[in-house]
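Both counts, for ligands and for their atoms, begin at 1 and track the order of listing. Only this structure's heavy atoms are used, side chains among them; waters, hydrogens and symmetry mates stay out.
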Amino acid sequence: MKIKQVVMRQLKLDLLYPFVTSFGKQYDREFILIEAISDEGISGWAECVAMVDPFYNEETVKTSWHLLEDFLIPTLLQNEIEHPDEISEKLFSHIRGNYMAKAALEGAIWDLYAKKQKASLASLLGGTKKKIDVGVSIGIKDSIDSTLEVIQARLQDGYKRFKLKIKPGWDIELIDKVRKAYPDIPLMADANSAYTLEEMDRLKALDDYNLMMIEQPLAYNDIIVHAELQPKLKTPICLDESIHSLADARNAIKLGSCKIINIKIGRVGGLTESRKIHDLCQEHGIPLWCGGMLESGIGRAHNIAITSLPNFTLPGDTAASSLYWTEDIIEPEVTVENGTITVPDAPGIGYEPSLEKIAKYTMYTKTYK
Ligand SMILES: O=C(O)CCC(=O)c1ccccc1C(=O)O
Ligand SMILES: [Mg+2]
């Protein structure tokens, strides 16, 4: 497979509602869209999930652009590959870190490869599910009452799992009131590393509410502290920020740092690495779900494809396009019915990027040959 050219576009989409986490408030989503074009003129698409600020992880839109422009795209253009697995295993293996930048280019090649094979991306990755279960991630709100209103609306939409962002002070009372209002809903909390072991009392208090899991309570870069915490809680710990690779997943499982893992394709360097983590977790009885990074439809489509693998047994964060954007940049948009998304079987990502809508939200474009 020979790549003739790569187009990088920087887009900005306004969020319908600001998204607040323990690390900040976000009003819009700036991101890099990658289009890789083969010598026969087929386009593969993916998006880079790095944010403008280095608050979720260390990568940013600008660091990703730099890595893509100066290292990753030139390496890809100079080498011919037979299969997308070679990208992480050979082409990019000498470049450290920068997983979101690597995953973006690899993802575009996976879509292109699948389109060439006239197969869906989901099927080529080993996906078996025709429909995937989805949940929602609910940011920090001004009041508990407004959180309850959002839960009620999403419950009516059919979502299958409710994730609330928490931080010290926006935690025990919130979970208590939500549990009293909804004793049986599948409920979980995501701390985005807002706690330390000093706050054990708060974490212990959350242990009494039958949460499905608590996501990344402690430091983003410390699986040892999570291994200390997990045996002290009944609630399963799910790691997000701490897992960047197959090796990280293996270490976390060995140490007992978590009982569940959230896979984000960008955070682990791509679809090939995601599939390897999937297989390892399946062998060890560690359930998975697919996390979200406020993606446009293109990233959302990649998430749907990986979620079709059998060990993604828990509902993920890939909600409908209409919860994020006034209009999405793919056709059709991602829709949720009875809490499920139907995995498309059209070639590649299975949704058509709308060139017209993409142009409308593009701030900057550059082509590499
Ligand atoms: O709806 C989504 O895309 C997931 C939202 C979400 O929880 C999130 C959004 C941005 C950065 C980190 C996270 C997270 O899962 O920790
Ligand atoms: Mg998270």
Side-chain angles (χ1 to χ4, degrees), residues 13 15-31 47-61 64 99-100 103 132-141 147 150-151 154 157 159-167 170 187-195 211-221 226 236-244 252 258 260-268 288-304 306-307 314-325 328 333-334 336 339 341:
L13 293 175
L15 282 164
L16 279 172
Y17 311 100
F19 190 74
V20 183
T21 63
S22 64
F23 58 78
K25 184 168 190 170
Q26 205 171 333
Y27 294 90
D28 52 38
R29 185 68 168 106
E30 275 183 50
F31 62 98
E47 79 182 78
C48 179
V49 299
M51 305 266 182
V52 167
D53 303 300
F55 300 162
Y56 166 78
N57 72 340
E58 73 287 357
E59 293 184 82
T60 68
V61 173
S64 311
Y99 296 121
M100 291 178 171
I132 60 166
D133 287 342
V134 293
V136 272
S137 176
I138 300 172
I140 294 170
K141 306 281 172 202
T147 308
V150 177
I151 294 173
R154 298 302 157 249
D157 293 340
Y159 284 96
K160 299 209 167 172
R161 184 225 63 190
F162 303 83
K163 162 167 139 180
L164 302 181
K165 293 287 187 179
I166 56 164
K167 62 179 182 181
W170 179 263
L187 184 66
M188 60 172 287
D190 184 2
N192 289 107
S193 298
Y195 296 81
L211 298 178
M212 291 171 83
M213 68 193 93
I214 176 165
E215 183 180 347
Q216 197 72 37
L218 307 175
Y220 75 97
N221 56 357
H226 286 96
I237 292 175
C238 169
L239 289 178
D240 171 354
E241 280 89 332
S242 291
I243 306 294
H244 304 101
C258 62
I260 298 172
I261 290 177
N262 146 348
I263 287 193
K264 288 180 183 170
I265 303 162
R267 198 194 64 229
V268 304
L288 297 174
W289 55 279
C290 183
M293 289 292 288
L294 310 174
E295 290 92 345
S296 82
I298 304 232
R300 218 159 276 281
H302 283 261
N303 290 347
I304 293 165
I306 197 71
T307 307
L314 298 166
D317 275 349
T318 307
S321 302
S322 62
L323 290 191
Y324 303 82
W325 324 113
D328 205 337
E333 298 198 345
V334 174
V336 170
I341 294 172

Look at the aromatic rings of Phe23 and Tyr56 and report parallel, tilted or perpendicular, splitting at 30° and 60°.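 Phe23 vs Tyr56 ring planes: tilted.
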
Hey, mind stepping through Lys165 and Ser22 against side chain to side chain contact (heavy atoms under 4.5 Å, CB included) and telling me if it holds? CA-CA 7 Å; Lys165 293 287 187 179; Ser22 64; over 6 Å; no

Run the numbers for me: atoms of ligand 1, each under 4.0 Å from some heavy atom of [X], listed by number.
X	value
Asn192	14 (C), 16 (O)
Glu215	15 (O)
Met293	3 (O), 11 (C), 12 (C)
Asp190	14 (C), 15 (O), 16 (O)
Met51	10 (C), 11 (C)
Lys264	12 (C), 13 (C), 14 (C), 15 (O), 16 (O)

Taking [X] for its side chain and [Y] for its backbone only, find out whether a donor-acceptor pair lies under 3.5 Å.
X	Y	value
Arg29	Val49	yes
Tyr324	Leu16	no
Arg300	Glu295	yes

Do any nitrogen or oxygen atoms of [X] lie less than 3.5 angstrom from nitrogen or oxygen atoms of ligand 1?
X	result
Leu294	yes
Tyr324	yes
Arg300	no
Lys165	yes
Glu241	no

Which pairs would a plain distance check flag for residues 316-323, meaning a side-chain donor or acceptor within less than 3.5 Å of a matching protein atom at least two apart in sequence or in another chain?
from: Asp317; atom 1: OD1; to: Arg161; atom 2: NH1; distance (Å): 3.3
from: Asp317; atom 1: OD1; to: Arg161; atom 2: NH2; distance (Å): 2.3
from: Asp317; atom 1: OD2; to: Lys163; atom 2: NZ; distance (Å): 2.7
from: Ser321; atom 1: OG; to: Asp328; atom 2: OD2; distance (Å): 2.7
from: Ser321; atom 1: OG; to: Val334; atom 2: N; distance (Å): 3.0

Contacts of His226 that satisfy side chain to side chain contact (heavy atoms under 4.5 Å, CB included) - sequence neighbours left out: Gln216, Pro217, Leu218, Ile237, Leu239, Ser242, Ser257

Contacts of type side chain to side chain contact (heavy atoms under 4.5 Å, CB included), residue Tyr17, not counting sequence neighbours: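 With neighbours one apart ignored, the set is empty.
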
Are side-chain heavy atoms of His244 and Asn57 found at a separation under 4.5 Å? no

Are Val52 and Asp28 close enough that some pair of their side-chain heavy atoms sits under 4.5 Å apart? no

Counting only heavy atoms, which portion of [X] has something under 4.0 Å from ligand 1: side chain, backbone, both, or neither?
X	value
Phe23	side chain
Lys163	side chain
Val136	neither
Asp240	side chain

At what distance is the nearest protein heavy atom to atom 4 (C) of ligand 1, and which residue and atom is it? Gly292 O, 3.4 Å

For the Mg ion (ligand 2), how many protein N, O or S atoms lie at less than 2.8 Å? 3

Quick one: do Val20 and Trp170 satisfy side chain to side chain contact (heavy atoms under 4.5 Å, CB included)? Show the steps, please. CA-CA 12 Å; Val20 183; Trp170 179 263; over 6 Å; no

Quick one, Trp289 with Met212, criterion side chain to side chain contact (heavy atoms under 4.5 Å, CB included). Give me CA distance, side-chain angles, the key distance, then yes/no. CA-CA 12 Å; Trp289 55 279; Met212 291 171 83; over 6 Å; no

Pick out which of Asn192, Asn221, Asn262 makes a side chain to side chain donor-acceptor pair (under 3.5 Å) with Glu241. Asn192

Kindly determine whether Leu15 and Tyr27 satisfy side chain to side chain contact (heavy atoms under 4.5 Å, CB included), including the steps that lead there. CA-CA 6 Å; Leu15 282 164; Tyr27 294 90; 6.0 Å; no

